[in-house]
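Bear in mind the structure is a predicted one, so any value in this text is a computation, not a measurement.
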Protein chains: 2
Amino acid sequence: MPSTKESIIHLADEFIRSRGYTAFSYADISKPLGIKNAAVHYHYPSKSDLAVALVEWHIDHFERFKEKNESKSPADQIKTFLNFYHSIHLSGKVCLIGAFSTDWNSINEDTQGLLRTFTNLVIDWLSEVLQKGLDTGAFNFANAPRAEALRVLTNIFAAAQLSRITDSQDFILVKESIIRELTK
Amino acid sequence: MPSTKESIIHLADEFIRSRGYTAFSYADISKPLGIKNAAVHYHYPSKSDLAVALVEWHIDHFERFKEKNESKSPADQIKTFLNFYHSIHLSGKVCLIGAFSTDWNSINEDTQGLLRTFTNLVIDWLSEVLQKGLDTGAFNFANAPRAEALRVLTNIFAAAQLSRITDSQDFILVKESIIRELTK
DNA sequence: ATGAATACTTATTTATAAGTAAGGTACTTA
DNA sequence: TAAGTACCTTACTTATAAATAAGTATTCAT
């Protein structure tokens with residue numbers, strides 16, 4: 001059973017990634033938990049403390065994701081990564097990077113700094129996996145690894161955003177074309 | 001000299017694309033114009049009326065963009081489109097699609113519907129230009145036109161978002177790799 | 001000259017947001 | 001057993017948001 005503190009983070013994640021950082025309040029969190037908003041302030045005194053804790057949670061989560069998948073082939077690692085975004089798409093949300101990138105001017109410097117760390121962690125991991133796939137002949141691309149990583153990342157996170165609007169097969173079109181292009 | 005009504009739209013565009021829809025208020029708009037917030041309500045009774053008007057403005061603007069560039073070659077049309085996003089990147093903002101896609105659950109149905117129209121307008125235009133470039137031999141890609149259009153669009157709008165976070169050459173890396181891939 | 005439309009202001013309402021001070025309860029450790 | 005400490009509630013403050021009702025000034029057509 002998750003602690004109140006964990007439940008708060010979980011709900012904050014839900015709201016930030018479905019409505020945006022400025023669009024949710026402590027009342028949105030306290031109500032479903034059956035507590036008062038002052039209790040949320042007890043665990044996270046300010047909204048930016050909550051934002052910081054959320055990014056930290058995602059950093060931890062991503063580190064575990066890396067470890068869990070490090071023995072897989074580059075192709076399978078990329079597929080697992082894209083499947084993670086597929087589940088985001090199915091939930092109707094966007095990813096943390098997508099959410100906070102548009103909320104950039106509404107978050108404080110600490111959150112911005114941690115988000116930069118997190119984003120570079122993802123880009124660096126993608127670069128490494130793509131490079132490895134290039135070395136083993138599993139992938140085929142002409143870009144520098146970081147450029148290719150950026151293209152994959154921007155494609156997939158923006159696909160999750162765009163497909164909220166067009167409400168179509170667009171996410172799947174993008175996802176499949178990423179795999180096709182990398183392995184062609 | 002722009003009318004008050006035009007200035008309001010312009011400021012709303014600034015705020016929505018730099019901070020997000022939920023993060024700005026009528027006071028943010030009325031103050032720099034030297035008017036009262038009730039005057040903003042006079043022109044746009046509710047915030048969603050303002051959102052609808054803004055999307056309509058972007059639709060008009062995009063139609064004019066299409067007309068102005070229709071005589072150009074496919075390669076130049078794509079470059080002009082990417083340069084438009086480059087100016088968004090330099091201004092530190094994101095595009096309308098990027099902004100409203102993360103604010104999706106905070107905007108009303110009318111705005112959602114118009115935004116869907118606008119987004120498909122952009123995707124359809126990109127598809128056509130890409131197809132024409134394929135026919136004339138200027139471009140080279142294996143995807144269906146819509147899939148290729150989606151990849152270009154998601155790459156460039158997410159690059160504008162991502163480069164707010166990483167604060168680096170990442171936007172330019174993505175932009176140049178799009179052109180390189182299309183014309184290789 | 002007048003009445004209507006346009007473009008506002010003044011003044012207010014209602015609701016919600018973020019945050020805090022002070023207190024209560026229960027469990028825990030010296 | 002007394003003092004912490006963790007985890008809350010009650011009750012409040014301060015600020016801001018969206019929206020509206022009613023009034024004012026200016027222009028413009030008849």
Expressed as a whole number of angstroms, how long is the span from [X]:[atom1] to [N]:[atom2]?
{"X": "F15(A)", "N": "dA17(C)", "atom1": "CZ", "atom2": "C1'", "result": "15 Å"}
{"X": "Y42(B)", "N": "dA21(D)", "atom1": "OH", "atom2": "C1'", "result": "16 Å"}
{"X": "K36(A)", "N": "dT20(C)", "atom1": "NZ", "atom2": "C1'", "result": "17 Å"}
{"X": "D49(B)", "N": "dA18(D)", "atom1": "CG", "atom2": "P", "result": "13 Å"}
{"X": "H41(A)", "N": "dT9(D)", "atom1": "NE2", "atom2": "P", "result": "13 Å"}
{"X": "Y26(B)", "N": "dT16(D)", "atom1": "OH", "atom2": "C1'", "result": "16 Å"}
{"X": "K31(B)", "N": "dA18(D)", "atom1": "NZ", "atom2": "C1'", "result": "15 Å"}
{"X": "K5(B)", "N": "dT6(C)", "atom1": "NZ", "atom2": "P", "result": "10 Å"}

Exercise for review: Respond yes when some side-chain nitrogen or oxygen of K47(B) is under 4.0 Å from OP1 or OP2 of dA18(D), and no when none is.
Suggested key: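 It does, given that an N or O in the side chain of K47(B) lies less than 4.0 Å from OP1 or OP2 of dA18(D).
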Check your understanding: Taking OP1 and OP2 of dC8(C), is either one under 4.0 Å from a side-chain nitrogen or oxygen of T4(B)?
Key ->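 Result: yes.
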Exercise for review: Return the nearest nucleotide to the side chain of A38(B); candidates are dC8(C), dG19(C), dA11(C).
Suggested key: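 Among the listed nucleotides, the one closest to the side chain of A38(B) is dA11(C).
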Check your understanding: Do Y42(A) and K36(A) have side-chain heavy atoms sitting under 4.5 Å apart?
Key ->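 With C-beta onward as the side chain, the pair stays apart.
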Check your understanding: Pick one: which of N37(B), I9(B), L50(B) meets side chain to side chain contact (heavy atoms under 4.5 Å, CB included) with I29(B)?
Key ->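 Running side chain to side chain contact (heavy atoms under 4.5 Å, CB included) over N37(B), I9(B), L50(B) with I29(B) returns exactly one hit, L50(B).
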Exercise for review: Answer with base, sugar-phosphate or nothing: what part of the nucleic acid does F24(A) contact at a heavy-atom distance below 4.0 Å?
Suggested key: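 Sugar-phosphate contact only - F24(A) comes under 4.0 Å of backbone atoms but never of a base.
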Review point. Taking the inter-plane angle between the rings of W125(A) and F62(A) on a 0 to 90° scale, is it parallel (under 30°), tilted (30 to 60°) or perpendicular (over 60°)?
Key: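 W125(A) vs F62(A) ring planes: perpendicular.
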Review point. For H43(A) and N37(A), take the nucleotide of DNA chain D holding the closest heavy atom to each; which residue's nucleotide lies nearer the 5' end?
Key: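 The 5'-side residue here is H43(A).
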Exercise for review: Please confirm whether the backbone N or O of V152(B) pairs with a side-chain atom of N155(B), one donor and one acceptor, at under 3.5 Å?
Suggested key: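 The answer is no, because no donor-acceptor pair under 3.5 Å joins these two groups.
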